[in-house]
Amino acid sequence: MSDPAKIGVSRRTLAKGAAWTVPAAAVVAAAPAYAASLRIDPGINGWVRVSYSDTGWCSHRLTYDSDISGVGPDGAPYGLYLYDVTPGSTITNAKITLWIRGNNNASWTNLNGHSSCWGSAVRGTPATKPDGATYTPYTWTYSCPINPANVSPDGRLYLGHFRAQADVTLAWGICDNVCLWAQRSIDVALPGENPETLTFQRKIGFADCEGQSAPRSRRGADTDGLESRRAELKAELEQLQSKADAAADSVAAQASEQVDDEQDRKAESAAPEKASVSSGDLERTAAIEAEIEEIDAEIAAAGKVASEEATFPDATLSA
């Protein structure tokens, strides 16, 4: 385990927001052999998985999950935990705050496996974050005792799993994708010292998160015209299909009848005209289908009609 005096210095530095890796001199033989590339942030560490999917116009579902098997890019496991815990320390007031872009009212649900120690989300007052945009905070506070003696064999003091999901509708013009800041904080008092709040926050963005202050090119009224045109084309397409079906029924009926030579000649003379009409209908049908396909592509590009899910380890909240 690391030297308590050195931990105290490091933690005071970390409280100011500096990221660091464990120096070789700070690890003694009894401590776990942490990888040189292992990332350690102030206070609560650990990998989580953040995912989101569209659920409708400007509506999204966001999931924040620490209960994932496997390890993150640096080899550290998923989960929430503390490094270099000093025996006799007092550890309290662990919090996770997720700030969602805009002034919103997300509906949060705790998923199966979410530790009761984390409780439920509490909405805070929207505020401006470092990127200059307004975000709404949702905070979970850890209510269970955190015993510094419960360090696992791998050298980590684990907290309960965090698994929560939000359904949120974002404001017009910033609702293409979910943008959020994730913040972790915890109070640590070394033996005989006053508590210090160790905290850090990082921005998590999906796709064009950085450019969402600009209004989207097509939404609402803009796509209403496309939808109206699409409906007109669909109606015409149905009429052509009905005409084609009627023609096919007529041909089938004629084929089943016995006709004399004169009728055969009349049918032959009429055939080119029928073929010409059918050819025109087929060309129009193909043109309509092509235009409908173009409209669908434009609507999809504007409004994300097809729901997509972007799931990846949150590299901004690394161990």
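No hydrogens, no waters, no symmetry mates; every other heavy atom, side chains included, goes into these values. Note that this is a predicted model, so its numbers are computed, not measured.
Evaluation of the side chain to side chain donor-acceptor pair (under 3.5 Å) rule for Asn194 yields no partner, not counting sequence neighbours. Looking at residues two or more places apart in sequence or on another chain, you find a side chain to side chain donor-acceptor pair (under 3.5 Å) between Ser59 and Thr169. Scanning for side chain to side chain contact (heavy atoms under 4.5 Å, CB included) contacts around Thr97 gives Trp99, Pro137, Thr139, Gln183, with sequence neighbours left out. For Glu232, the salt bridge (charged side-chain N to carboxylate O under 4.0 Å, His left out) test picks out Arg229, with sequence neighbours left out. In this view, Ser143 satisfies the side chain to side chain contact (heavy atoms under 4.5 Å, CB included) rule with no residue, not counting sequence neighbours. Judged as a side chain to side chain contact (heavy atoms under 4.5 Å, CB included), and not counting sequence neighbours, the contacts of Ser152 are Asp154, Arg156, Tyr158. Remark: Arg284 engages Glu236 in a salt bridge (charged side-chain N to carboxylate O under 4.0 Å, His left out) (not counting sequence neighbours). Remark: Gln239 pairs with no residue by the side chain to side chain contact (heavy atoms under 4.5 Å, CB included) rule, at least two apart or across chains. With sequence neighbours left out, the side chain to side chain donor-acceptor pair (under 3.5 Å) criterion links Ser115 to no other residue.
Pairs passing the salt bridge (charged side-chain N to carboxylate O under 4.0 Å, His left out) check and including a residue from residues 158-173, sequence neighbours excluded, read Arg61-Asp167, Asp65-Arg163. Sorted by first and then second residue, the disulfide bond (SG atoms under 2.5 Å apart) pairs with a member in residues 100-153 read Cys117-Cys144; sequence neighbours excluded. Residue pairs satisfying the disulfide bond (SG atoms under 2.5 Å apart) criterion with at least one member in residues 64-105, sequence neighbours excluded, are absent.
Using bins of under 30°, 30° to 60° and over 60° for the plane-to-plane angle, the ring pair Tyr138/Trp108 lands in the tilted bin. Using bins of under 30°, 30° to 60° and over 60° for the plane-to-plane angle, the ring pair His60/Tyr52 lands in the tilted bin.
Across Tyr78, Tyr64, Tyr81, a single residue satisfies ring-ring contact (aromatic ring centres under 6.0 Å, His included) together with Phe162, and that is Tyr64. Under the side-chain contact (heavy atoms from CB on, under 4.5 Å) test applied with Ile186, the options Leu80, Thr199, Ile146 reduce to a single match, Ile146.
Atoms OG1 and CG, on Thr134 and Asn104 in that order, are 10.5 Å from each other to the nearest 0.5 Å.
Thr63 and Gln165 share a side-chain donor-acceptor pair at under 3.5 Å.
Counting heavy atoms from C-beta outward, Trp118 and Asn110 have side chains that stay 4.5 Å or more apart.
We find that Arg184 and Asp41 are not joined by a salt bridge, their nearest charged nitrogen and carboxylate oxygen being 4.0 Å or further apart.
Using a distance-only test at 3.5 Å, with no hydrogens or angles considered, no donor-acceptor pair links the side chain of Asn45 to the main chain of Pro42. Using a distance-only test at 3.5 Å, with no hydrogens or angles considered, no donor-acceptor pair links the side chain of Tyr142 to the main chain of Gly119.
The heavy-atom pair separating His161 from Gly113 by the smallest distance is CB-O, 3.6 Å.
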